[in-house]
Colleague: 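The following block contains the structure, expressed as structure tokens.
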Amino acid sequence: MPRIWWIFLALLAVPTSCHVVEAGSSQLRTWKTRGVHKLLPEEASASSLVQQAPFEETTHQSWLSRLGNSFFMALCGLILIPFALALMWLNELRNARQESILQLGTSEVQQITSKSMDPDFNGQLVLLNDTDAKGQSDLSDSRFPMVSLKGLRLRSTVEVYQWEEKKSEKKSKDNLGGGETTTTQYSYSKKWSKFQIDSAHFKQSGHRNNICIPGLKAGEQSLANETVRYGESYYMPTDLVNQLSQWTDAFDLIKAPVKFDSYTFEKSSGQWFYHPMRNAPEVGDVRVCFEYVPEGPVSIMALQCGDKIRGNAAASFMPYRLVNRGWCGTLSGEPLKEALLAQGQKTATELYEEDACRTGPFFYLCCCCNLITMIFARASPPQIFAAWHGHLSREQCLHELNVMGMVLKWGLRIVSWLLLYAAVYMLFEPLIVVLDIIPFLGKYISSGTSWVLGVTILFITAVLATVVISVAYLIYHPLIALVCMAGVGLILGAALGISRLL
């Protein structure tokens with residue numbers, strides 16, 4: 001065997017190695033274990049960590065290791081493709097249902113007054129926009145029970161002064177052997193964060209995070225007023241109150257001291273701080289701020305229903321959803337109201353059960369669709385159940401609903417298409433890694449192949465997404481579906497014509 005091939009095979013067998021270099025240290029020590037070389041600094045005091053410069057870690061991955069990872073990526077791509085298609089399909093189905101609901105709601109919504117409750121409107125889509133929403137009880141924070149005020153919602157945010165690790169990577173492919181070298185730079189800084197940063201996984205030791213108040217956790221907590229009255233006889237359910245998000249700083253409204261157990265916070269710059277015997281914060285110090293949604297004018301569009309707690313003298317609201325109205329809309333009057341009320345009472349689990357695939361030979365293949373159906377049923381079911389700040393007109397409310405639906409529709413379209421694009425691209429990762437094995441020219445050939453594959457997959461997934469959208473629309477919007485299918489035909493025809501010319 002020629003000598004060059006012996007060298008080539010030796011390069012393939014080189015194990016992954018690690019080389020750590022840290023700046024700002026005067027003493028370094030090294031050791032070698034199983035082909036791994038490290039340079040680590042001597043232990044430094046915690047007070048000098050702020051002045052330490054970022055340090056770098058260099059790792060090398062052999063071609064065989066990269067090839068194994070590429071096959072794993074291809075397997076992940078095979079798994080992600082059905083999830084991407086399921087998300088794409090069910091998003092279009094959900095959007096088509098939402099558009100149907102908005103069309104029905106536009107013709108059926110009744111604008112009523114809040115001064116008196118008419119039980120004849122139970123089971124009908126109503127709009128109320130003539131008064132204020134008022135909380136009937138005080139709001140009290142569970143972590144800071146001495147904080148109490150009037151309003152619709154209350155939110156407390158606890159932040160902790162912590163170390164944060166940032167890293168940046170730079171990769172380069174070897175000219176010979178198909179390996180890859182990665183240089184990672186780590187840097188550390190202190191910041192206020194409402195998320196608990198786990199310092200146990202930091203690359204460099206010595207940056208330890210903690211909280212100086214035992215039992216207190218970083219993060220947000222919010223609660224809604226359990227009883228919110230609208231007008232004389234209407235009461236807003238909690239899910240509707242939670243849609244009101246005009247947060248206002250509550251600093252000036254809180255007169256009582258802010259305490260957690262025996263720890264008392266101090267007022268400063270619109271927030272409450274806890275850092276004992278010091279003026280400057282250190283790691284572990286805590287600050288908290290409070291915000292609330294004040295009482296005020298609110299507009300509501302939802303299905304009116306009876307109030308089970310307060311009896312026939314009061315009314316509440318529930319979601320307005322699609323029901324089977326029979327051929328040519330034969331279901332009307334009281335039967336339609338009863339069907340709408342029954343559908344509005346259903347929980348997220350019941351909505352999921354209606355659409356989930358439960359029988360048939362392909363039950364186990366429907367797990368992707370079932371998972372996304374469950375997410376939609378809990379997070380964004382097709383319905384009209386909304387509240388806004390201010391006195392909005394009927395046209396303004398419907399416009400807001402259309403805008404929210406449009407944002408969600410296109411957002412999920414982009415996400416599902418990107419997921420499909422990434423999944424299909426993963427299938428070709430082994431091919432790209434195999435091309436890297438060509439001496440000297442491999443990394444250039446693989447880069448060119450990667451670019452060509454990216455453009456090709458972009459075109460394929462765009463066409464596939466258009467087909468899925470058209471078929472989904474075909475159920476509820478046949479004319480729009482035909483236009484989309486015609487667009488696909490034009491794209492395919494143009495592509496075939498160009499290929500023949502070439």
Side-chain angles (χ1 to χ4, degrees), residues 75-102 104-105 219-220 222 224 237-243 245 302-303 305 317-324 339-387 401-402 404-424 426 461 464-465 467-477:
L75 179 61
C76 292
L78 287 175
I79 298 174
L80 286 177
I81 287 175
F83 277 98
L85 293 175
L87 177 59
M88 191 177 296
W89 168 263
L90 292 176
N91 175 53
E92 297 305 323
L93 191 59
R94 184 209 58 80
N95 177 67
R97 289 177 176 177
Q98 183 67 26
E99 289 184 353
S100 298
I101 290 174
L102 289 176
L104 290 171
E220 290 183 357
S222 63
T238 302
D239 290 343
L240 208 56
V241 177
N242 283 331
Q243 296 185 29
S245 57
L303 188 72
C305 63
F317 307 96
M318 62 174 53
Y320 173 81
R321 295 169 176 156
L322 280 180
V323 295
N324 186 2
L340 289 171
L341 289 171
Q343 189 70 13
Q345 291 176 352
K346 291 183 178 179
T347 64
T349 301
E350 291 174 327
L351 294 176
Y352 163 71
E353 293 292 339
E354 286 184 350
D355 294 332
C357 177
R358 291 296 185 190
T359 58
F362 301 105
F363 167 70
Y364 292 104
L365 298 179
C366 294
C367 61
C368 302
C369 292
N370 286 343
L371 177 60
I372 297 189
T373 299
M374 180 184 297
I375 295 174
F376 280 160
R378 295 183 181 278
S380 180
Q383 61 186 22
I384 297 178
F385 185 64
L401 290 172
N402 277 296
M404 288 189 294
M406 187 73 66
V407 170
L408 183 60
K409 174 181 69 176
W410 281 102
L412 291 177
R413 278 179 176 176
I414 294 173
V415 169
S416 60
W417 174 73
L418 290 176
L419 186 60
L420 180 63
Y421 176 85
V424 175
M426 287 179 185
T461 53
L464 182 59
V467 172
V468 172
I469 292 171
S470 302
V471 174
Y473 256 87
L474 187 62
I475 298 176
Y476 289 101
H477 306 284

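The chain is numbered in sequence order, starting from 1. Owing to the predicted nature of the structure, the values given are computational and were not obtained by experimental measurement.
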Colleague: Can you see which heavy atom on Gly405 is nearest to which on Asn95, and at what distance?
Modeller: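 Closest approach of Gly405 to Asn95, heavy atoms only: O-OD1, 4.3 Å.
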Colleague: Name all residues meeting the salt bridge (charged side-chain N to carboxylate O under 4.0 Å, His left out) criterion together with Glu350; count only those two or more places apart in sequence or in a different chain, and write none if there are none.
Modeller: none
Colleague: Working to the nearest 0.5 angstrom, can you tell me the gap between Phe376 CZ and Asn91 CG?
Modeller: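 Between Phe376 CZ and Asn91 CG, I get 5.0 Å after rounding to 0.5 Å.
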Colleague: According to side-chain hydrogen bond (donor to acceptor under 3.5 Å, both in side chains), who are the partners of Gln345, at least two apart in sequence or on a separate chain?
Modeller: none
Colleague: Rounded to the nearest 0.5 Å, how far does CG of Leu401 lie from CD1 of Ile384?
Modeller: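 So the gap between those two atoms works out to 6.0 Å.
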Colleague: Can you name the residues that form a side-chain contact (heavy atoms from CB on, under 4.5 Å) with Pro237, not counting sequence neighbours?
Modeller: Leu240, Ser316, Phe317, Phe385
Colleague: Report the residues that fulfil side-chain contact (heavy atoms from CB on, under 4.5 Å) with Leu80, sequence neighbours left out, ordered by chain and then residue number.
Modeller: Leu419, Ala423, Met426
Colleague: Within a reach of under 6.0 Å around CE of Met406, are more than 12 heavy atoms found that belong to other residues, nucleotides or ligands?
Modeller: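 No, CE of Met406 has 12 or fewer neighbouring heavy atoms, counting only those of other groups under 6.0 Å.
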Colleague: Atom CG in Leu408, atom CD in Gln98: separation rounded to 0.5 Å?
Modeller: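 So the gap between those two atoms works out to 8.5 Å.
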Colleague: Closest approach of Val323 and Ala339, non-hydrogen atoms and distance?
Modeller: CG1-O, 3.6 Å
Colleague: Measure the CD1-CG distance between Ile372 and Leu87 for me, rounded to the nearest 0.5 Å.
Modeller: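 Ile372 atom CD1 to Leu87 atom CG measures 4.5 Å (nearest 0.5 Å).
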Colleague: Run the ring pair (Phe, Tyr, Trp, His ring centres under 6.0 Å) test against Tyr320 and tell me which residues pass, sequence neighbours left out.
Modeller: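 With sequence neighbours excluded, Tyr320 shows a ring pair (Phe, Tyr, Trp, His ring centres under 6.0 Å) to no residue whatsoever.
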Colleague: Report the residues that fulfil side-chain contact (heavy atoms from CB on, under 4.5 Å) with Ala342, sequence neighbours left out, ordered by chain and then residue number.
Modeller: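 Ala342: no side-chain contact (heavy atoms from CB on, under 4.5 Å) contacts found.
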Colleague: Of all residues at least two apart in sequence or in a different chain, which pass the side-chain contact (heavy atoms from CB on, under 4.5 Å) check with Thr373?
Modeller: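 So Thr373 forms a side-chain contact (heavy atoms from CB on, under 4.5 Å) with Leu90, Tyr352, Asp355.
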Colleague: Provide the full list of salt bridge (Lys or Arg N to Asp or Glu O under 4.0 Å) pairs with a residue in residues 371-380, sequence neighbours left out, each pair given once.
Modeller: none
Colleague: Between Ala379 and Pro381, which heavy-atom pair has the shortest distance, and what is it?
Modeller: C-CD, 3.8 Å
Colleague: Could you give me the CA-CA distance, side-chain angles and deciding distance for Asn370 and Met374, then say whether side-chain contact (heavy atoms from CB on, under 4.5 Å) is met?
Modeller: CA-CA 6 Å; Asn370 286 343; Met374 180 184 297; over 6 Å; no
Colleague: Compare all side-chain heavy atoms of Val407 with those of Met404 and state whether any distance is below 4.5 angstrom.
Modeller: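 Of all side-chain heavy-atom pairs linking Met404 with Val407, none is under 4.5 Å.
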Colleague: Which atom pair, heavy atoms only, marks the closest approach of Ala224 to Asn242?
Modeller: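 Smallest heavy-atom distance, with atoms named: CB-OD1, 3.4 Å.
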Colleague: Under 3.5 Å, is there a donor-acceptor pair between the Gln383 and Arg321 side chains?
Modeller: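 Side chains of Gln383 and Arg321: pair found under 3.5 Å.
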Colleague: State, to 0.1 Å, how close Met318 and Ala302 come at their nearest heavy-atom pair, and which atoms those are.
Modeller: O-CB, 3.7 Å
Colleague: Rounded to the nearest 0.5 Å, what's the gap from NZ on Lys346 to CG on Leu341? Could you check?
Modeller: 12.5 Å
Colleague: Assess the residue pair Leu85 and Trp89 against the criterion (side-chain contact (heavy atoms from CB on, under 4.5 Å)); give the C-alpha distance rounded to whole Å, side-chain angles, the decisive distance to 0.1 Å, and a yes or no.
Modeller: CA-CA 6 Å; Leu85 293 175; Trp89 168 263; over 6 Å; no
Colleague: Mind checking side-chain hydrogen bond (donor to acceptor under 3.5 Å, both in side chains) for Thr461 and listing every partner two or more places apart, or none if nothing turns up?
Modeller: Trp417
Colleague: Specify the closest pair of heavy atoms between Leu322 and Gln343, including all atoms of both residues, with the distance to one decimal.
Modeller: O-CG, 3.6 Å
Colleague: With the threshold set at 4.0 Å, does a side-chain nitrogen-carboxylate oxygen contact exist between Lys409 and Glu92?
Modeller: no
